[in-house]
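Note that ligands are numbered from 1 as they come in the structure, with each ligand's atoms numbered from 1 the same way. Index from 1, following the sequence.
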Amino acid sequence: MEHVQLTAADLLLRPWRDEDAPAVRDALRDPAIAQWNPQGGDPIDDEVALLWVRRRADWSTGGHVSMAVTVATDGELLGSVSLHHIRDGDASIGYWTMPAARGRQVAVRAVVRLTDWAFTDLRLHRVELCHAVANPASCRVADRAGYAAEGTLRESYRYGDGRRYDEHLHARLATDPQVTR
Ligand SMILES: CC(C)(COP(=O)(O)OP(=O)(O)OC[C@H]1O[C@@H](n2cnc3c(N)ncnc32)[C@H](O)[C@@H]1OP(=O)(O)O)[C@@H](O)C(=O)NCCC(=O)NCCS
């Protein structure tokens, strides 16, 4: 898949670059991100962060589209949004935002923009979003981004503290009403 970049008002969603690695290292060490977006494997150091951005910058398999969410004017890194498990018209979406960027609708706007692109350009039909029931901020992002709640998955995912948590499954279909943000 070819790299693209997307704009959403003052946000720019763009492919990851090597120079993002130090900010990614700090983000992945944030306790909330470490808990709700666990990376598994080795502790997060410079090398792990560089591998992380390089893996996400490689879209060649067509199985994922991973983007840095930045401020369009000055390039400040605000967060991450990605489609993964892209296959047969389906995908899942994931995200995090830097602690300093939270509460500004960054996650909602990034999820809405990437989802709209997935429906129009990738021609996907269904995108799923899962979050721990114990993570209400993520539930709010899902609701605000138009992802309908479809049910609760019991002890379905092992998060950063090693415990299994119940999750809410949300999804948006290409045929659902558009979301304006
Ligand atoms: C969840 C997360 C992505 C939200 O990012 P954000 O940029 O602050 O989200 P937004 O500003 O777009 O929207 C957040 C919404 O959640 C609400 N919210 C924030 N913290 C909340 C909390 N603890 N409980 C309930 N709602 C909360 C906000 O008020 C806002 O709702 P509003 O639009 O009605 O005001 C961010 O907190 C984060 O990265 N957390 C750690 C990692 C994580 O949870 N990743 C998701 C894994 S599924």
Only one of Asp20, Thr7, Thr70 forms a side-chain hydrogen bond (donor to acceptor under 3.5 Å, both in side chains) with Arg14, so which one is it? Asp20
Which of the listed options, Glu167, Gln105, His170, holds the heavy atom that is closest to atom 12 (O) of ligand 1? Gln105
Considering only heavy atoms, which of Ser80, Ala145, Pro136 lies nearest to atom 24 (N) of ligand 1? Pro136
Which pair of non-hydrogen atoms, one from Arg172 and one from Tyr147, has the smallest distance, and what is that distance? N-CD2, 3.5 Å
Find all atoms of ligand 1 within a distance of less than 4.0 Å from any non-hydrogen atom belonging to Gly103, and give their numbers and elements. 6 (P), 8 (O), 11 (O)
In terms of residue, atom name and distance, what is the protein heavy atom nearest to atom 30 (C) of ligand 1? Arg140 CG, 3.8 Å
Show your reasoning for whether salt bridge (charged side-chain N to carboxylate O under 4.0 Å, His left out) applies to Arg104 and Asp10. CA-CA 12 Å; Arg104 288 154 44 186; Asp10 55 332; over 6 Å; no
Counting heavy atoms only, which of Ser138, Ala142, Ala137 comes nearest to atom 27 (C) of ligand 1? Ala137
Would you say atom 8 (O) of ligand 1 makes contact with the protein, given that contact here means a non-hydrogen protein atom less than 4.0 Å away? yes
Among all the protein's non-hydrogen atoms, which is closest to atom 14 (C) of ligand 1, and how far away is it? Val141 CG2, 4.1 Å
Is any NZ, NE, NH1 or NH2 atom of the basic residue among Asp88 and Arg126 found under 4.0 Å from an Asp or Glu carboxylate oxygen of the other? no
Note: Asn37, heavy atoms under 4.0 Å from ligand 1, region reported as side chain
Among Ala32, Gly160, Ala101, the residue with a heavy atom nearest to atom 41 (C) of ligand 1 is Ala32
Under 4.0 Å between a Lys/Arg side-chain N and an Asp/Glu carboxylate O for Arg25 and Asp45? no
Side chain proximity check, Arg144 to Val112, heavy atoms < 4.5 angstrom: no
Would you mind running through ligand 1 and noting each atom that sits below 4.0 Å from a heavy atom of Cys130? 48 (S)
Of Tyr157, Trp36, Tyr95, which has the heavy atom at the shortest distance from atom 3 (C) of ligand 1? Tyr95
With a cut-off of 4.0 Å, which atoms of ligand 1 are near a heavy atom of Val108? 12 (O), 13 (O)
For Ala171 and Asp176, work out which heavy atoms get closest and say how close. O-OD2, 4.2 Å
Of all the atoms in ligand 1, which lie at a distance below 4.0 Å from a heavy atom belonging to His131? 48 (S)
What do you reckon, does Gly94 put a non-hydrogen atom under 4.0 Å from ligand 1? no
Which ligand 1 atoms are under 4.0 Å away from a heavy-atom of Trp96? 39 (O)
Closest non-hydrogen atom pair between Asp58 and His64, with its separation: O-NE2, 2.8 Å
Taking non-hydrogen atoms only, is Arg109 closer than 4.0 angstrom to ligand 1 via side chain, backbone, both or neither? neither
Look at atom 6 (P) of ligand 1 and find which of Asp143, Thr97, Val81, Asn135 reaches it with the closest heavy atom. Thr97
Heavy-atom pair of closest approach, residues His85 and Ser92: ND1-OG, 4.3 Å
Relative to the heavy atoms of Arg104, which atoms of ligand 1 are at a distance of less than 4.0 Å? 11 (O)
Looking at side-chain heavy atoms only, is the closest gap between Leu78 and Thr97 below 4.5 Å? no
Do the ring planes of His170 and His131 sit parallel (below 30°), tilted (30 to 60°) or perpendicular (above 60°)? tilted
Atom 37 (O) of ligand 1 - nearest protein heavy atom and its distance: Arg102 CD, 3.3 Å
Parallel, tilted or perpendicular: which fits the ring planes of Trp59 and His3, with parallel below 30° and perpendicular above 60°? perpendicular
